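Fair warning: this is a prediction, and the values are worked out from it, not measured in the lab.
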Amino acid sequence: MDRLNFTVTDETGRIDKVIPEKYSDFSRSQIQTWLKEGHVRVNGRIEKANYKVKAGDVVTIEPPEPEVLDLIPENIPLDIVYEDKELVVVNKPQGMVVHPSAGHSSGTLVNALLYHIKDLSSINDVIRPGIVHRIDKDTSGLLVVAKTNRAHESLAAQLKEKTTLRKYAALVHGVIPHERGTIDAPIGRSKENRQKQAVVKDGKAAVTHFKVLERFARFTLIECQLETGRTHQIRVHMQYIGHPLAGDPVYGPRKTLAGNGQFLHAAALGFKHPVSGEWLEFEAPLPPVFRDTLERIASSEK
């Protein structure tokens, strides 16, 4: 990662708080570690985490080189929905991490792709070959993966231009009274808990459309359509309007439905083929745990 520089204007407070507020991709604990290791300087000097910045201070951040992870192809079964020379569409199971990271060096979708697909695009860094977009570990459903760089560039551009189709099935707490809704609220790192995302004034634009599919006594099954793709977007937005996802260990209530995490499934995905321009659209059925839970809820109300 390249060196970062900024001059303090009207920011005040400890430097380990100011930097994460300016660069939301960095957590406070990460910045504290970098301060201890001397990767952050103020006016050319190494300062401690409790240094209070003042207007005119020049802050320089030289992030350390990322840990090199060995990407080992693994013979993990994949549900491949579609494949051609340019791309592959995969139905990711719940519980699978998309790409390797600290603490998840194996068993990821990338490890499986390297075994089954071999050639993947090289536009992203070495630990994310072919990955154009992600879904959370405990979210199941459809992902498109690029085999070639031209496919990667086209798919990434479509995501940025908001021309792709991404629909999710979600089970949320509470009964939503209206049939449809749109949540237009910016998302960024939470000020209270840097490990979470939240609706914040200075966050990035985030828009989620939803419609009710079925109502139960204490839950609602909805379809969410993403206009943007922020981290944990649906989970954050539904919590924000008072209807957190069932089973969500981070954004949901303590008392929720038992499962393997949030009941969220990427059910439909559509985009233009990078080469032919043909519109492609795919659907993936609800995973067994999701389907069985809905049946159990419905039968309990009869």
Side-chain angles (χ1 to χ4, degrees), residues 17 20-21 23-33 92-105 107-109 128 131 133-143 166-174 176 181 183-210 218-267 286-287 289-290 293-294 297:
K17 290 184 178 180
E21 288 175 1
Y23 300 106
S24 60
D25 289 341
F26 302 147
S27 66
R28 187 177 175 187
S29 60
Q30 185 178 35
I31 293 300
Q32 287 174 334
T33 299
K92 185 188 83 67
Q94 189 178 40
M96 175 181 274
V97 175
V98 171
H99 62 75
S101 61
H104 296 285
S105 60
T108 73
L109 178 63
R128 295 184 295 169
I131 301 302
H133 63 124
R134 295 175 291 176
I135 55 177
D136 298 334
K137 169 179 173 285
D138 291 330
T139 298
S140 57
L142 297 170
L143 279 171
R166 287 176 292 167
K167 291 183 179 180
Y168 291 73
L171 184 64
V172 302
H173 282 269
I176 299 177
I183 308 166
D184 186 348
I187 291 177
R189 197 178 295 278
S190 168
K191 300 294 192 295
E192 289 73 33
N193 184 342
R194 306 301 294 181
Q195 305 304 312
K196 297 171 64 174
Q197 301 294 305
V199 171
V200 293
K201 289 182 180 179
D202 58 349
K204 295 181 179 179
V207 179
T208 303
H209 307 283
F210 69 87
R218 296 183 298 115
F219 300 93
T220 305
L221 178 66
I222 62 174
E223 176 187 273
C224 293
Q225 186 165 343
L226 291 182
E227 191 172 310
T228 55
R230 307 304 175 200
T231 301
H232 300 170
Q233 179 171 316
I234 294 174
R235 299 165 68 186
V236 172
H237 270 172
M238 296 313 299
Q239 179 200 41
Y240 179 66
I241 66 169
H243 294 284
L245 266 65
D248 194 328
V250 178
Y251 301 97
R254 290 184 179 179
K255 291 186 177 181
T256 187
L257 294 175
N260 301 319
Q262 63 271 5
F263 285 86
L264 182 62
H265 175 67
L286 293 176
V289 66
F290 202 143
T293 298
L294 290 176
I297 293 172

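Across every non-hydrogen atom of P244 and P253, the tightest pair is CG-CD, 3.8 Å. Nearest heavy-atom pair, L264 versus A170, reported as atom, atom and distance to 0.1 Å: CD1-CB, 3.7 Å. Taking both residues in full, the closest heavy atoms of Q94 and V289 are given as OE1-CG1, 3.6 Å, listed atom of the first, atom of the second, then distance. Summarising the geometry of C224 relative to F210, their closest heavy-atom pair is SG-CB, 4.1 Å, with the distance given to 0.1 Å. Of all the heavy atoms in P20 and I31, the pair that sits closest is CG-CG1, 3.9 Å.
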For this session: Test side-chain contact (heavy atoms from CB on, under 4.5 Å) on Q239 and L245 and set out the steps.
Result: CA-CA 7 Å; Q239 179 200 41; L245 266 65; over 6 Å; no
Exercise. Passes side-chain contact (heavy atoms from CB on, under 4.5 Å), T208 versus T228? Steps please.
Worked result: CA-CA 7 Å; T208 303; T228 55; 5.8 Å; no
Exercise. Going through the checks in order, is the side-chain contact (heavy atoms from CB on, under 4.5 Å) test met by M96 and K137?
Worked result: CA-CA 5 Å; M96 175 181 274; K137 169 179 173 285; over 6 Å; no
Problem set entry | Test log, rule side-chain contact (heavy atoms from CB on, under 4.5 Å), inputs V172 and F263 | CA-CA 8 Å; V172 302; F263 285 86; over 6 Å; no
Exercise. Stepwise, does the salt bridge (Lys or Arg N to Asp or Glu O under 4.0 Å) test hold for D202 with K191?
Worked result: CA-CA 11 Å; D202 58 349; K191 300 294 192 295; 3.3 Å; yes
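Judged purely by atom type and a 3.5 angstrom limit, K92 has no side-chain atom pairing as donor or acceptor with the backbone of V97. Of the possible polar contacts, none joining the S140 side chain to the P93 backbone as a donor-acceptor pair under 3.5 Å is found. Of the possible polar contacts, none joining the T139 side chain to the H265 backbone as a donor-acceptor pair under 3.5 Å is found.
Between the CD atom of Q197 and the CD atom of Q233 there is a distance of 10.5 Å, given to the nearest 0.5 Å. Once rounded to the nearest 0.5 Å, the distance linking CG of L257 with CG of L171 reads 6.0 Å. To the nearest 0.5 Å, atom CZ of residue R166 and atom CG of residue L143 are 10.5 Å apart. Put simply, CG on L221 and CG on L286 are 7.0 Å apart, with the number rounded to the nearest 0.5 Å. Taken from NZ in K196 to CZ in R189, the straight-line distance is 13.0 Å, to the nearest 0.5 Å. Remark: R218 CZ to I297 CD1 distance equals 7.5 Å, nearest 0.5 Å.
For T108, the side chain to side chain donor-acceptor pair (under 3.5 Å) partners two or more places apart in sequence, or in a different chain, are N111. Take H173 and apply the ring-ring contact (aromatic ring centres under 6.0 Å, His included) test, not counting sequence neighbours, and it matches F219.
Considering only heavy atoms from C-beta on, I135 comes within 4.5 Å of Y168 through its side chain. Proximity of I222 to M238: side-chain heavy atoms (C-beta onward) are separated by under 4.5 Å at one or more points. No side-chain heavy atom of V200 sits under 4.5 Å from any side-chain heavy atom of I187. Contact annotation: the side chain of Q262 approaches that of D136 to within less than 4.5 Å [non-hydrogen atoms, C-beta and beyond].
D138 and R235 are not joined by a salt bridge, as no carboxylate oxygen comes within less than 4.0 angstrom of a charged side-chain nitrogen.
For residues 237-262, the pairs satisfying ring-ring contact (aromatic ring centres under 6.0 Å, His included) are H232-Y251, with sequence neighbours left out.
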